[in-house]
Enquirer: 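Can you keep this structure in mind? I'll have questions shortly.
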There are 2 protein chains.
Amino acid sequence: MDHWDAMEVLKDVNLRATPQRIAVLNVLKMLGQAHPTAEEIYVALKQEFPAISFATVYNTLKSFLDAGLLHELRFGDKASRYDLNTQAHHHLLCEVCGDLIDIYLPEVDVAQVLREHEFAMSGYHVEIRGVCKTCREHTLHKADTHL
Amino acid sequence: MDHWDAMEVLKDVNLRATPQRIAVLNVLKMLGQAHPTAEEIYVALKQEFPAISFATVYNTLKSFLDAGLLHELRFGDKASRYDLNTQAHHHLLCEVCGDLIDIYLPEVDVAQVLREHEFAMSGYHVEIRGVCKTCREHTLHKADTHL
DNA sequence: GTACTTGCAAACACTTTGCTAGTAA
DNA sequence: TTACTAGCAAAGTGTTTGCAAGTAC
């Protein structure tokens with residue numbers, strides 16, 4: 001990943017390398033594990049492109065989704081989050097702070113259920129809900145004050 | 001499940017047994033595996049309660065969610081789907097017809113990843129995407145016509 | 001009787017679309 | 001040059017909320 005070139009990535013999937021698209025890719029690359037929402041991407045781009053609009057962000061993300069460059073993650077909250085990580089991976093979702101953490105799990109045994117339902121799987125995703133380390137510590141501290 | 005009594009269910013979770021709530025529960029029970037959206041529930045209720053509003057449907061569903069009577073499922077498409085099935089189960093999602101199928105999987109081994117991230121899990125959900133039996137057959141038939 | 005619920009309309013948040021000027025190839 | 005893209009504004013979709021009238025308990 002040391003030789004990441006947004007322009008190349010775009011050419012590889014036959015998308016025009018506009019400055020905005022390059023910037024969106026770089027923002028996603030930089031924010032990495034932060035799984036930004038469209039708004040967060042918009043804010044990040046606003047510095048370099050004061051005239052950028054939400055339409056461009058959404059159009060760009062849609063192009064990238066269609067091209068398979070990223071994944072869209074939708075959870076309990078409203079806004080979609082976008083994930084450039086194309087490796088097979090899963091997520092921890094903190095129900096307190098809303099944070100999303102990439103995890104890697106041993107393969108889940110789905111063969112039986114696919115056979116049963118004659119279902120042609122294209123992929124699967126495991127979402128683990130709960131409370132992250134940071135929020136647990138905060139909760140414990142708050143609880144302490146009540147002792 | 002032969003002795004399902006919506007009124008009892010509501011009393012058990014300290015919710016007032018209004019006719020609309022009872023009807024929503026019964027609709028969810030009847031539609032079962034269909035995982036209806038708020039709109040589908042609204043349409044189903046409209047017959048019995050011509051004056052019912054979306055606000056009531058959403059308020060009711062929110063009460064039920066808070067009471068733990070059902071689960072909210074959000075996928076690629078826009079509208080949330082509601083699932084009365086409170087057993088631990090997972091879903092097949094057909095990317096062609098959008099159908100959602102309940103499945104039961106052997107436990108996924110998450111202990112390691114939880115330990116690693118010091119994450120307190122409250123639950124997990126596996127979403128398997130792909131093409132269901134019915135849609136696969138349709139696709140095959142269409143493909144046949146091109147031979 | 002009281003606190004909660006309904007139904008309406010309006011507001012809301014997120015996303016998409018129609019269009020014109022502009023730009024990558 | 002030509003087909004695609006950016007940016008704007010407006011519309012669309014799913015969901016939530018404020019409030020007056022009504023109802024479960």
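Letters A, B, ... are given to chains in the order of the sequence lines, protein chains preceding strands, and every chain is numbered from 1.
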Enquirer: Holding to side chain to side chain contact (heavy atoms under 4.5 Å, CB included), I want the full list of residues that pass it with K133(A), two or more places apart in sequence or in another chain.
Expert: E137(A), E118(B)
Enquirer: Who are the ring-ring contact (aromatic ring centres under 6.0 Å, His included) partners of Y124(A), not counting sequence neighbours?
Expert: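 Y124(A) satisfies ring-ring contact (aromatic ring centres under 6.0 Å, His included) with H90(A) once adjacent residues are dropped.
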Enquirer: Can you measure F49(A) atom CZ to dG22(C) atom C1' for me and round it to whole angstrom units?
Expert: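 From F49(A) CZ to dG22(C) C1': 15 Å.
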Enquirer: Just jot down the ring-ring contact (aromatic ring centres under 6.0 Å, His included) partners of H35(B), sequence neighbours excluded, or say none.
Expert: H91(B)
Enquirer: Any salt bridge (charged side-chain N to carboxylate O under 4.0 Å, His left out) pairs touching residues 44-56 of chain B, not counting sequence neighbours?
Expert: none
Enquirer: List in chain and number order the residues that pass side chain to side chain contact (heavy atoms under 4.5 Å, CB included) with A38(A), two or more places apart in sequence or in another chain; answer none if no residue qualifies.
Expert: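 A38(A) satisfies side chain to side chain contact (heavy atoms under 4.5 Å, CB included) with V57(A), Y58(A), L61(A), Y82(A) once adjacent residues are dropped.
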Enquirer: I'd like a table of atom pairs between the protein and nucleotides 23-25 of chain C - only N or O on both sides, under 3.5 Å - with the distance next to each one.
Expert:
{"residue": "dA24(C)", "atom": "N3", "partner": "R16(A)", "partner atom": "NH1", "Å": "3.3"}
{"residue": "dA25(C)", "atom": "OP1", "partner": "A17(A)", "partner atom": "N", "Å": "3.2"}

Enquirer: Identify the 5'-most and 3'-most nucleotides of DNA chain D with at least one atom closer than 4.0 Å to a non-hydrogen atom of chain B.
Expert: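 Contact span on the strand: dG14(D) to dC25(D).
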Enquirer: Restricting to side chain to side chain contact (heavy atoms under 4.5 Å, CB included), what partner residues turn up for I22(A), sequence neighbours left out?
Expert: A6(A), M7(A), L10(A), A17(A), N26(A)
Enquirer: Please list all pairs meeting salt bridge (charged side-chain N to carboxylate O under 4.0 Å, His left out) that have one or both residues in residues 32-44 of chain A, counting only residues at least two apart or in different chains.
Expert: none
Enquirer: What residues form a side chain to side chain contact (heavy atoms under 4.5 Å, CB included) with F49(A), not counting sequence neighbours?
Expert: P19(A), Q20(A), A23(A), I52(A)
Enquirer: Go through the side-chain N and O atoms of S80(B) and R74(B) and say whether any donor and acceptor fall under 3.5 Å apart.
Expert: yes
Enquirer: Salt bridge (charged side-chain N to carboxylate O under 4.0 Å, His left out): which pairs involve residues 52-71 of chain B, sequence neighbours left out?
Expert: K62(B)-D66(B)
Enquirer: Where do N or O atoms of nucleotides 11-17 of chain C meet protein N or O atoms at under 3.5 Å, pair by pair?
Expert:
{"residue": "dT15(C)", "atom": "OP1", "partner": "S80(A)", "partner atom": "N", "Å": "3.0"}
{"residue": "dT15(C)", "atom": "OP1", "partner": "S80(A)", "partner atom": "OG", "Å": "3.2"}
{"residue": "dT15(C)", "atom": "OP2", "partner": "Y58(A)", "partner atom": "OH", "Å": "2.2"}
{"residue": "dT15(C)", "atom": "O5'", "partner": "Y58(A)", "partner atom": "OH", "Å": "3.2"}

